[in-house]
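The model shown is predicted, which means the values in this text are computed figures rather than measured ones.
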Amino acid sequence: MRHSPMAAWMRERMQQRASIVYDCSARMRSALEYEYFNPPSSAGTGNPEAALGEVPDMRVALGVNLSGLLSAETFEWQDRVAWVDSS
């Protein structure tokens with residue numbers, strides 16, 4: 001489902017910040033992989049996996065092409081992870 005009024009604005013903002021989106025997603029993926037293999041002594045309160053996992057849904061909802069905005073490793077990571085709504 002697309003949110004037409006916001007889609008054009010969001011596409012423009014994401015293109016303006018393409019390098020930031022790319023770097024941020026790559027760092028989030030790296031942090032998630034590090035956390036997976038090196039779990040902290042106490043669980044965190046945030047849910048970075050869900051945040052990064054929602055990117056494909058945002059792409060569909062806003063009609064944004066993320067091919068140049070996310071690293072290949074991030075796409076591969078998303079393909080390996082099964083996103084299940086836990087609510």
Return the set of residues passing salt bridge (charged side-chain N to carboxylate O under 4.0 Å, His left out) with Glu33 (not counting sequence neighbours), or none when no residue passes.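 Glu33 satisfies salt bridge (charged side-chain N to carboxylate O under 4.0 Å, His left out) with Arg29, Arg80 only.
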Margin query: I'd like to know if Met14 and Met6 are part of one continuous hydrophobic network [Ile/Leu/Val/Met/Phe/Trp/Tyr, side-chain heavy atoms within less than 4.5 Å].
Written below: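 Looking at the clustering, Met14 is in the same group as Met6.
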Taking all atoms of both residues into account, what is the closest heavy-atom pair of Ser25 and Ser71, and its distance?
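Nearest heavy atoms, Ser25 then Ser71: OG-N, 4.3 Å.
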- Distance, nearest 0.5 Å, that separates OH of Tyr22 from CZ of Arg27: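 Separation between the atoms: 12.0 Å.
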| request: Any salt bridge (charged side-chain N to carboxylate O under 4.0 Å, His left out) involving residues 12-22? Give me the pairs, sequence neighbours left out, ordered by first then second residue. | output: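 Listed by first then second residue: nothing to list.
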